[in-house]
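Values below: every heavy atom of this structure, side chains too, minus hydrogens, waters and symmetry copies.
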Amino acid sequence: MDQVFKALADDTRRRLLDRLHEQNGQTLGELCEHIAMTRQSVTQHLAVLEAANLISTVRRGREKLHYLNPVPLHEIQERWIDKFERPRLRALGDLKRRAEEAMSDKPSYVYVTYIASTPEKVWDALTDADLTAVYWGHANVSDWRPGSRWEHVRTDGSGIADVVGTVVESERPTRLVTSWAAPEHEGEPDRHSRLTFDIQPHADIVRLTVTHEDLDGEDELRAISAGWPAVLSNLKSLIETGSPLPQEPWLVPGL
């Protein structure tokens with residue numbers, strides 16, 4: 001770690017890393033094009049970066065290609081930034097989203113329920129394919145790692161997914177954020193909404209807050225406003241009693 005901080009302390013070496021971030025796999029000559037110093041000096045800076053494991057090199061014929069290695073930077077983030085700044089950065093991110101939402105015409109929906117359970121059981125009820133199939137009529141399928149795809153798959157054996165999206169945040173057992181889209185709009189990010197599950201324990205109960213943002217107009221808001229209470233009531237019944245409600249709540253007339 002000392003070598004990493006020493007390597008990052010120099011502006012030239014930081015600029016070399018920026019260059020590799022913009023375009024990985026560059027030769028010494030390519031890197032020298034935007035650095036006002038001799039090849040020998042650049043070579044010395046690259047040697048310091050390589051010793052700190054911030055770059056790696058690969059021979060291609062007579063050329064040597066330089067590649068950025070982000071692992072040490074990620075370790076610095078985890079050790080020196082994430083554990084101290086994550087709550088503040090999350091709060092700033094939420095504030096930014098709320099400010100952007102206030103300036104847009106896309107509606108949002110928030111639902112809060114209290115469940116006699118543990119955060120782990122609530123998390124599993126939201127992410128386990130078999131459990132979601134019991135109370136939702138769909139199986140939520142994913143490995144639930146950030147960046148992974150997820151699907152909301154029918155339980156009728158057809159394999160059809162009525163909703164798809166990407167896992168944005170996944171912090172078991174307290175917070176899950178995904179995008180939410182119809183399959184035909186999967187490649188259109190501006191047609192995606194954002195779904196957040198916040199799971200907060202308090203003694204023997206859990207407060208589950210569901211926030212569904214960036215909805216596509218008032219029609220989707222009305223559908224969401226009817227659907228989420230039905231689904232979450234079924235989830236609450238399953239966790240607290242071992243069985244979902246005796247009838248599917250979304251089939252109640254008037255919903």
Side-chain angles (χ1 to χ4, degrees), residues 1-97 119-120 123-124 126-127 141-151 164-179 186-187 189 192 194-199:
M1 192 64 70
D2 289 342
Q3 288 182 301
V4 174
F5 281 114
K6 177 183 176 181
L8 294 174
D10 184 87
D11 177 65
T12 297
R13 292 194 282 270
R14 293 195 298 270
R15 282 191 288 145
L16 287 169
L17 293 176
D18 287 338
R19 289 280 296 144
L20 291 174
H21 180 262
E22 294 169 4
Q23 181 181 339
N24 223 355
Q26 296 190 58
T27 65
L28 174 61
E30 291 170 330
L31 289 170
C32 287
E33 288 178 4
H34 300 277
I35 303 292
M37 60 177 56
T38 65
R39 289 171 65 94
Q40 182 179 3
S41 297
V42 173
T43 299
Q44 291 173 347
H45 282 299
L46 291 171
V48 175
L49 292 171
E50 190 169 3
N53 200 31
L54 286 165
I55 65 171
S56 59
T57 59
V58 176
R59 284 284 180 183
R60 186 181 66 185
R62 299 176 60 184
E63 295 180 323
K64 184 163 71 171
L65 303 182
H66 301 78
Y67 290 89
L68 175 66
N69 177 22
V71 173
L73 299 174
H74 179 66
E75 291 174 346
I76 289 175
Q77 178 181 339
E78 285 191 322
R79 180 174 178 182
W80 298 104
I81 299 176
D82 281 0
K83 67 181 179 182
F84 299 115
E85 293 296 327
R86 182 176 293 170
R88 190 182 342 187
L89 292 173
R90 179 183 294 163
L92 289 173
D94 289 342
L95 179 61
K96 178 177 180 291
R97 282 194 297 274
E120 290 78 11
W123 175 277
D124 290 342
L126 293 169
T127 59
V141 181
S142 178
D143 60 15
W144 303 110
R145 290 184 289 204
S148 293
R149 188 174 187 268
W150 80 279
E151 294 183 327
V164 297
T166 301
V167 180
V168 179
E169 297 178 39
S170 181
E171 298 177 17
R172 187 180 192 275
T174 58
R175 182 175 171 88
L176 177 65
V177 183
T178 71
S179 63
E186 185 171 8
H192 294 196
R194 179 184 175 96
L195 177 63
T196 300
F197 296 102
D198 283 308
I199 305 168

Quiz question: by atom type and distance under 3.5 Å, do the side chains of D143 and S148 form a donor-acceptor pair? yes
Are R172 and E120 ion-paired here, with the side-chain N under 4.0 Å from a carboxylate O? no
In Å, rounded to the nearest 0.5 Å, how long is the span from CZ of F197 to OG1 of T174? 13.5 Å
Heavy atoms, side chains only, cut-off 4.5 Å: are H66 and E30 in contact? no
Any W144 side-chain heavy atom under 4.5 Å of L176 side chain: yes
Whether over 12 other heavy atoms sit under 6.0 Å from Q40 CD: no
Write down the atom of E169, the atom of E171, and the distance for their closest heavy-atom approach. OE1-OE2, 4.1 Å
So, using side-chain hydrogen bond (donor to acceptor under 3.5 Å, both in side chains) as the criterion, who are the partners of D2 when residues are at least two apart? none
Restricting to non-hydrogen atoms, name the atom on L54 and the atom on P72 that form the minimum distance, rounded to 0.1 Å. CD2-CB, 3.9 Å
Side-chain touch H45/V42, heavy atoms, less than 4.5 angstrom: no
Tell me which one of T166, V164, T178 satisfies side chain to side chain contact (heavy atoms under 4.5 Å, CB included) with R149. V164
Enter the distance from Q44:CD to M37:CE here, rounded to the nearest 0.5 Å. 9.5 Å
With a 4.0 Å cut-off, would you call D11 and R14 a salt bridge? yes
side-chain contact (heavy atoms from CB on, under 4.5 Å) with E50: which residues, sequence neighbours excluded? I55, T57
Charged N to carboxylate O below 4.0 Å: is that the case for E33 and R19? no
Are the side chains of L8 and R13 in touch, meaning some heavy atoms are under 4.5 Å apart? no
For V167 and S142 the tightest heavy-atom approach is CG2-OG, 3.9 Å
Note: N24 and L68 closest approach over all heavy atoms is OD1-N, 2.7 Å
Would you say the side chain of L16 lies within less than 4.5 Å of the side chain of L31, judging by non-hydrogen atoms? yes
Can you tell if the side chain of Y67 reaches within under 4.5 Å of the side chain of V58, non-hydrogen atoms only? yes
Give a yes or no on whether the backbone of R175 and the side-chain of D198 come within a donor-acceptor separation of less than 3.5 Å. no
Within a strict 4.5 Å, meaning less than it, do heavy atoms of the W123 and I199 side chains meet? yes
Quick one: do L28 and L46 satisfy side chain to side chain contact (heavy atoms under 4.5 Å, CB included)? Show the steps, please. CA-CA 9 Å; L28 174 61; L46 291 171; 3.7 Å; yes
Do you know the tightest heavy-atom contact between A52 and Q3? CB-O, 3.5 Å
Could you tell me which non-hydrogen atom of S179 sits nearest to which non-hydrogen atom of V168, and how far apart they are? N-CG2, 4.0 Å
